[in-house]
Amino acid sequence: MIPSLGLPFFSRFECKYLVSEAMAQELRQRLRYFMVLDSFCAKSEDFSYLNTSLYFDSPDYQCREATDQGAKNRFKIRLRWYDDAPGTPLYLEEKRRTTDAISKSRVKMHHEALASLTAGRMPRASMVLDESQEALAEARRLSDKMLAMRARPACYVRYRREAWAGKESAKYVRATFDRALEGHAPLDAHGRFSFARATDPGWIPSGERRVIFEVKFESAMPPWLQNTVRDFALRRVSVPKYLLCLDAIESAPRRL
């Protein structure tokens, strides 16, 4: 399980690149000089953890359209978790883009909040596991926003993440390798919401088979990271995981 701050994150910048598995291995060797493997990844046999999210969108897919059109100011709302075990907490998140800056707020919720949010109801205050006034206010703000846009479950997204953190604690820098991007429909054959577990059938691979290499930093990309991007001739691209998985689900043959 990955811990959460439970409060809004500071603004940061993100750059994504698509690389082969061979190049990902070479990049990892370079990162070792400047970064350390995330403690949760270090405990895993494959140095990664499963990251699963349930994305919400309006009936007319306003979040999807904003991303597809490359809107400079946009947002996404999702529930994220790292374990399918009963009672595992969920993290209600809003990820916002303002021009090139990214900010994110996150609230730790009881698993029971899933039923309320997927049914379009505001969760009870008791479902917020962080009892601070800041967390309660943020949970209420996100719930109000979801109700106003009539948000409903739109798509599950999951992948395995290998995460690295900068050695210099004074400056925020993080690098991740995301693999095996897959999506799952949130509704069953009868149109009812269904909680998709990692072992459930129906997960559909996205069309992207390459490794998604992403770097995140607070204000400016560190010089050593700039040199890495240059030395490996990396080209920054847009890799919207939500859109890729939603497209894969919609294009997959329907089971009768």
Side-chain angles (χ1 to χ4, degrees), residues 1-9 49-67 74-97 103-159 182-204 240-243 245-246 249-250:
M1 184 183 303
I2 311 300
S4 166
L5 295 177
L7 299 175
F9 293 169
Y49 57 82
L50 188 63
N51 189 320
T52 307
S53 297
L54 174 62
Y55 281 77
F56 291 80
D57 212 333
S58 64
D60 60 352
Y61 288 98
Q62 70 177 75
C63 296
R64 177 187 193 175
E65 287 300 313
T67 301
R74 59 183 189 264
F75 68 92
K76 295 186 183 74
I77 295 179
R78 65 197 179 199
L79 278 172
R80 175 163 286 184
W81 58 92
Y82 306 94
D83 193 329
D84 291 337
T88 296
L90 309 173
Y91 300 95
L92 179 60
E93 300 181 343
E94 179 187 22
K95 186 174 183 180
R96 301 179 295 276
R97 174 182 289 275
S103 59
K104 186 168 69 171
S105 61
R106 174 183 243 201
V107 182
K108 190 175 183 179
M109 308 286 289
H110 193 283
H111 200 280
E112 291 179 357
L114 179 67
S116 296
L117 291 170
T118 55
R121 300 192 306 269
M122 183 175 292
R124 299 189 305 274
S126 60
M127 295 180 183
V128 181
L129 293 179
D130 182 348
E131 298 180 356
S132 69
Q133 290 302 311
E134 293 88 348
L136 290 171
E138 186 61 16
R140 188 174 298 110
R141 185 188 73 82
L142 291 177
S143 297
D144 285 342
K145 189 168 188 174
M146 294 176 71
L147 290 173
M149 63 185 287
R150 294 191 295 150
R152 55 179 180 62
C155 179
Y156 284 101
V157 172
R158 77 172 184 184
Y159 49 87
E182 297 178 307
H184 196 292
L187 305 179
D188 62 19
H190 303 287
R192 297 171 300 197
F193 173 74
S194 176
F195 182 70
R197 294 176 172 79
T199 55
D200 288 346
W203 287 96
I204 301 171
K241 297 185 180 77
Y242 167 47
L243 266 64
C245 290
L246 195 56
I249 292 170
E250 291 178 346

Let me confirm one number: the [atom1]-[atom2] distance from [X] to [Y], rounded to the nearest 0.5 Å.
X      : Y      : atom1 : atom2 : answer
Ser105 : Lys95  : OG    : NZ    : 12.0 Å
Tyr91  : Lys104 : OH    : NZ    : 11.5 Å
Phe75  : Arg96  : CZ    : CZ    : 10.5 Å
His110 : Leu90  : NE2   : CG    : 9.5 Å
Met127 : Met122 : CE    : CE    : 12.0 Å

Hits for side-chain hydrogen bond (donor to acceptor under 3.5 Å, both in side chains) against Thr118, two or more places apart or cross-chain, chain-then-number order -> none
With sequence neighbours left out, the residues meeting side-chain hydrogen bond (donor to acceptor under 3.5 Å, both in side chains) with Tyr156 are none
Check [X] against [Y] and note the closest heavy-atom contact, atom names and distance.
X      : Y      : value
Leu129 : Pro89  : CD1-CB, 3.7 Å
Pro153 : Phe56  : N-CD2, 3.7 Å
Thr67  : Lys76  : OG1-NZ, 3.3 Å
Ala196 : Trp203 : CB-CZ2, 3.9 Å

Discussion item. If you apply the rule side chain to side chain contact (heavy atoms under 4.5 Å, CB included), what do you find for Asn51 with Tyr82, and how did you get there?
Written reply: CA-CA 5 Å; Asn51 189 320; Tyr82 306 94; 3.9 Å; yes
Do [X] side-chain atoms and [Y] backbone N/O form a donor-acceptor pair below 3.5 Å?
X      : Y      : value
His190 : Arg192 : no
Asp57  : Cys63  : yes
Arg158 : Ala198 : yes

Which residues pass the side-chain contact (heavy atoms from CB on, under 4.5 Å) test with [X], sequence neighbours left out?
X      : value
Cys155 : Val157, Tyr242, Cys245, Leu246, Ile249
Ala85  : Asp83, Thr88
Arg197 : Asp84, Phe195, Thr199, Asp200

Side-chain donor/acceptor pairs under 3.5 Å, residues 140-147, sequence neighbours excluded:
residue, atom, partner, partner atom, Å
Arg141, NE, Glu138, OE1, 3.3
Arg141, NE, Glu138, OE2, 3.3
Arg141, NH1, Glu94, OE1, 3.2
Arg141, NH2, Glu94, OE1, 2.5
Arg141, NH2, Glu138, OE2, 2.7
Ser143, OG, Ala139, O, 2.9
Lys145, NZ, Glu94, OE2, 2.3

- [ ] Show your reasoning for whether side chain to side chain contact (heavy atoms under 4.5 Å, CB included) applies to Arg80 and Ser53.
- [x] CA-CA 4 Å; Arg80 175 163 286 184; Ser53 297; 2.8 Å; yes
State, with a plain yes or no, whether a side-chain heavy atom of Pro123 is found less than 4.5 Å away from one of Leu117.
yes
- Message: Between Met109 and Trp81, is the side chain to side chain contact (heavy atoms under 4.5 Å, CB included) condition met? List the steps.
- Response: CA-CA 10 Å; Met109 308 286 289; Trp81 58 92; over 6 Å; no
**Prompt:** So is Arg152 actually on top of Tyr61's ring, under 6.0 Å and inside 45° of the axis?
**Reply:** yes
